[in-house]
Undergrad: 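After the C-alpha coordinates below, expect a handful of questions from me.
FYI, side chains are in, hydrogens and waters are out, and symmetry mates aren't considered; it's all heavy atoms of this structure. Keep in mind that what you see is a predicted model, and the values were worked out from it rather than measured.
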Amino acid sequence: MSSTTTATSTANNVVELQAKDLPAHCPNPAMPLWSSHPRVYLDLSHGGSATCSYCGTQYKLAPGTVIKGH
(Lines give C-alpha, C1' and ligand atoms only; values in the text may rest on other atoms or scores of the structure.)
Protein backbone atom coordinates (compact mmCIF):
# COMPACT_ATOMS: atom_id res chain seq x y z
CA MET A 1 0.00 0.00 0.00
CA SER A 2 1.25 3.42 -0.79
CA SER A 3 0.96 6.58 1.27
CA THR A 4 -2.07 7.46 -0.87
CA THR A 5 -3.85 4.25 -0.05
CA THR A 6 -7.58 3.89 -0.45
CA ALA A 7 -7.83 1.02 1.99
CA THR A 8 -10.60 1.43 4.50
CA SER A 9 -10.89 0.02 8.00
CA THR A 10 -14.12 -1.16 9.52
CA ALA A 11 -15.08 -1.25 13.17
CA ASN A 12 -14.13 -4.91 13.63
CA ASN A 13 -10.49 -4.45 12.53
CA VAL A 14 -10.96 -5.46 8.88
CA VAL A 15 -9.08 -3.52 6.20
CA GLU A 16 -10.70 -3.52 2.77
CA LEU A 17 -8.23 -3.26 -0.12
CA GLN A 18 -8.54 -2.09 -3.71
CA ALA A 19 -6.38 -3.44 -6.56
CA LYS A 20 -4.05 -0.43 -6.35
CA ASP A 21 -3.31 -1.27 -2.68
CA LEU A 22 -1.67 -4.56 -3.67
CA PRO A 23 0.63 -6.19 -2.75
CA ALA A 24 -0.99 -6.22 0.68
CA HIS A 25 1.23 -5.85 3.72
CA CYS A 26 0.90 -5.23 7.42
CA PRO A 27 1.41 -2.88 9.16
CA ASN A 28 -0.26 -0.57 6.67
CA PRO A 29 0.40 3.19 6.37
CA ALA A 30 -2.79 4.04 8.28
CA MET A 31 -1.57 2.27 11.44
CA PRO A 32 0.09 4.39 14.16
CA LEU A 33 3.87 4.07 14.41
CA TRP A 34 3.73 2.85 18.03
CA SER A 35 1.83 -0.28 16.98
CA SER A 36 4.32 -1.30 14.31
CA HIS A 37 5.70 -4.79 13.91
CA PRO A 38 7.91 -6.33 11.21
CA ARG A 39 6.36 -5.95 7.75
CA VAL A 40 4.67 -9.08 6.46
CA TYR A 41 3.19 -9.50 3.00
CA LEU A 42 -0.24 -11.09 2.85
CA ASP A 43 -1.47 -13.57 0.24
CA LEU A 44 -5.01 -12.65 -0.75
CA SER A 45 -5.14 -14.98 -3.76
CA HIS A 46 -6.90 -17.77 -1.85
CA GLY A 47 -10.37 -16.56 -0.94
CA GLY A 48 -9.63 -12.83 -1.07
CA SER A 49 -8.72 -12.41 2.59
CA ALA A 50 -5.81 -12.86 4.99
CA THR A 51 -5.00 -12.21 8.65
CA CYS A 52 -1.76 -10.70 9.95
CA SER A 53 0.03 -13.23 12.14
CA TYR A 54 1.48 -10.44 14.35
CA CYS A 55 -1.49 -8.23 15.19
CA GLY A 56 -4.54 -10.13 13.94
CA THR A 57 -5.69 -7.39 11.55
CA GLN A 58 -7.81 -8.89 8.81
CA TYR A 59 -7.43 -7.79 5.21
CA LYS A 60 -9.92 -8.48 2.44
CA LEU A 61 -10.41 -7.46 -1.14
CA ALA A 62 -13.16 -4.97 -1.85
CA PRO A 63 -16.11 -6.43 -3.79
CA GLY A 64 -15.30 -6.64 -7.49
CA THR A 65 -11.52 -6.29 -6.99
CA VAL A 66 -9.51 -8.54 -9.30
CA ILE A 67 -5.97 -9.73 -8.54
CA LYS A 68 -3.90 -9.57 -11.72
CA GLY A 69 -1.09 -12.04 -12.27
CA HIS A 70 2.35 -11.31 -13.63
Side-chain angles (χ1 to χ4, degrees):
M1 293 174 20
S2 67
S3 59
T4 59
T5 184
T6 58
T8 56
S9 292
T10 60
N12 53 353
N13 215 26
V14 176
V15 178
E16 193 170 81
L17 302 172
Q18 302 291 330
K20 67 181 182 177
D21 299 321
L22 301 175
H25 60 82
C26 191
N28 63 60
M31 293 179 159
L33 186 57
W34 61 265
S35 68
S36 290
H37 54 69
R39 179 176 283 189
V40 293
Y41 287 89
L42 305 163
D43 182 8
L44 301 172
S45 64
H46 303 288
S49 65
T51 301
C52 175
S53 58
Y54 282 101
C55 66
T57 300
Q58 295 180 327
Y59 292 83
K60 70 174 187 172
L61 294 175
T65 303
V66 177
I67 298 175
K68 296 183 180 181
H70 295 265

Undergrad: Quick one: CG on L44 to CG on L22, what's the gap to the nearest 0.5 Å?
TA: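 Result: 6.5 Å between the selected atoms.
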Undergrad: Got a sec, which residues hit side-chain contact (heavy atoms from CB on, under 4.5 Å) with Y41, two or more places apart in sequence or on another chain?
TA: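 With neighbours one apart ignored, the set is P23, H25, R39.
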Undergrad: Holding to side-chain contact (heavy atoms from CB on, under 4.5 Å), I want the full list of residues that pass it with A62, two or more places apart in sequence or in another chain.
TA: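 A62 satisfies side-chain contact (heavy atoms from CB on, under 4.5 Å) with E16, Q18, T65 only.
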Undergrad: Please enumerate all residues that pass side chain to side chain donor-acceptor pair (under 3.5 Å) together with S45, with sequence neighbours excluded.
TA: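 Expected list: D43.
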Undergrad: Determine the minimum heavy-atom distance between C52 and L42, stating which atoms define it.
TA: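 Heavy atoms only, the tightest pair is CA-CD2, 4.1 Å.
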Undergrad: Which residues pass the side-chain contact (heavy atoms from CB on, under 4.5 Å) test with T51, not counting sequence neighbours?
TA: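 side-chain contact (heavy atoms from CB on, under 4.5 Å) list for T51, sorted by chain: Q58.
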Undergrad: What's the shortest heavy-atom distance between P27 and P38, and which atoms?
TA: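 Heavy atoms only, the tightest pair is CD-O, 4.0 Å.
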